[in-house]
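Note that the structure is a prediction, hence the values are computed from the model and not measured.
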Amino acid sequence: MKKGLIMAVALLASGSVFAATDHYILRDGNHVQHLKVTKLGNEYNVTADVDFEPNPDEVGKHACSAQISGDAKAAGENELVLKKHIEGEARSCTVKVHLTPNGAKLDQSEECNYFAAGICHFSSDGKELLKIK
């Protein structure tokens with residue numbers, strides 16, 4: 001019985017894969033962007049969410065929040081690509097995540113306006129979301 005239990009634990013330990021999750025954040029005036037990247041083995045899951053309140057120069061604009069998440073593909077050593085199909089359409093939103101040692105930058109395709117309308121957007125406009133340690 002003891003031998004079987006030890007073998008089962010050893011088998012579980014040898015086959016287990018540890019998940020690593022990194023969080024990134026950018027606050028730009030009243031705009032807040034959050035990125036969560038989870039790596040499980042060679043697979044990635046990315047969640048990007050935004051909460052935008054209008055900045056003083058965005059008079060007449062409305063507050064908005066948006067989120068997109070799903071499995072991402074590695075497109076290089078430091079780049080991930082998240083594609084989210086737009087339901088009922090033949091198009092997809094693409095968010096490219098460029099990872100750096102201290103953060104991440106995001107670029108989105110035009111189709112992402114379906115998920116993030118108004119002043120909301122997933123692109124970081126060349127600014128870096130800082131990695132939370």
Side-chain angles (χ1 to χ4, degrees):
M1 174 84 172
K2 227 180 194 184
K3 192 175 187 178
L5 182 61
I6 292 172
M7 295 248 321
V9 169
L11 187 63
L12 283 172
S14 68
S16 67
V17 179
F18 294 99
T21 301
D22 292 318
H23 291 268
Y24 305 84
I25 194 159
L26 172 66
R27 183 176 190 104
D28 186 18
N30 294 330
H31 299 180
V32 178
Q33 293 179 272
H34 172 249
L35 174 69
K36 181 174 91 171
V37 177
T38 302
K39 181 179 181 186
L40 183 61
N42 290 328
E43 297 179 9
Y44 294 90
N45 186 282
V46 171
T47 300
D49 61 90
V50 295
D51 286 310
F52 285 14
E53 292 286 331
N55 283 321
D57 63 337
E58 297 171 322
V59 177
K61 304 288 183 177
H62 300 285
C64 60
S65 295
Q67 179 178 346
I68 190 169
S69 65
D71 294 331
K73 303 273 188 233
E77 188 175 326
N78 296 316
E79 186 174 316
L80 302 174
V81 177
L82 168 65
K83 280 192 169 193
K84 191 72 172 185
H85 180 76
I86 299 171
E87 195 171 320
E89 298 280 333
R91 300 176 296 160
S92 296
C93 164
T94 302
V95 176
K96 291 183 181 178
V97 179
H98 307 280
L99 299 171
T100 67
N102 298 318
K105 293 181 181 180
L106 305 175
D107 292 315
Q108 73 175 46
S109 66
E110 188 175 321
E111 289 81 7
C112 292
N113 292 335
Y114 176 83
F115 295 102
I119 60 174
C120 277
H121 55 277
F122 299 113
S123 179
S124 62
D125 299 324
K127 297 175 183 164
E128 188 170 55
L129 284 75
L130 297 178
K131 187 175 187 177
I132 299 172
K133 299 184 185 202

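Applying the side chain to side chain donor-acceptor pair (under 3.5 Å) definition to pairs two or more places apart or across chains, those involving residues 58-69 are His31-Glu58, Asp51-Ser65. Residue pairs that meet the disulfide bond (SG atoms under 2.5 Å apart) test with at least one member in residues 96-133, sequence neighbours left out, are Cys64-Cys120, Cys93-Cys112. The side chain to side chain donor-acceptor pair (under 3.5 Å) pairs that include a residue from residues 72-85 are Glu79-His98, where partners are two or more places apart or lie in different chains. Sorted by first then second residue, the salt bridge (charged side-chain N to carboxylate O under 4.0 Å, His left out) pairs that include residues 32-48, not counting sequence neighbours, number zero.
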Worked check of side-chain contact (heavy atoms from CB on, under 4.5 Å) between Asn45 and Leu40: CA-CA 8 Å; Asn45 186 282; Leu40 183 61; over 6 Å; no

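No side-chain heavy atom of His23 sits under 4.5 Å from any side-chain heavy atom of Thr47. Side chains of Val46 and Val95 form no contact here, defined as non-hydrogen atoms less than 4.5 Å apart. Proximity of Tyr44 to Leu82: side-chain heavy atoms (C-beta onward) are nowhere separated by under 4.5 Å.
Partners of Arg91 under the salt bridge (charged side-chain N to carboxylate O under 4.0 Å, His left out) rule, at least two apart in sequence or in another chain, are Glu89. Thr100 meets the side chain to side chain contact (heavy atoms under 4.5 Å, CB included) test with Glu128; sequence neighbours excluded. Looking at residues two or more places apart in sequence or on another chain, you find no side chain to side chain donor-acceptor pair (under 3.5 Å) involving Glu53. Applying the salt bridge (charged side-chain N to carboxylate O under 4.0 Å, His left out) criterion to Asp28, with sequence neighbours excluded, gives Lys127. With sequence neighbours left out, the side chain to side chain donor-acceptor pair (under 3.5 Å) criterion links Ser92 to no other residue. Remark: His121 pairs with Asp125 by the side chain to side chain donor-acceptor pair (under 3.5 Å) rule, at least two apart or across chains. In terms of the salt bridge (charged side-chain N to carboxylate O under 4.0 Å, His left out) criterion, residue partners of Asp22 (sequence neighbours excluded) are, by chain and number, Lys131.
The other members of the hydrophobic cluster of Ile132, by chain and number, are Ile25, Val32 (side-chain heavy atoms under 4.5 Å, ILVMFWY only).
The structure places CZ of Phe122 at 8.5 Å from CG of Asp49, a figure rounded to the nearest 0.5 Å.
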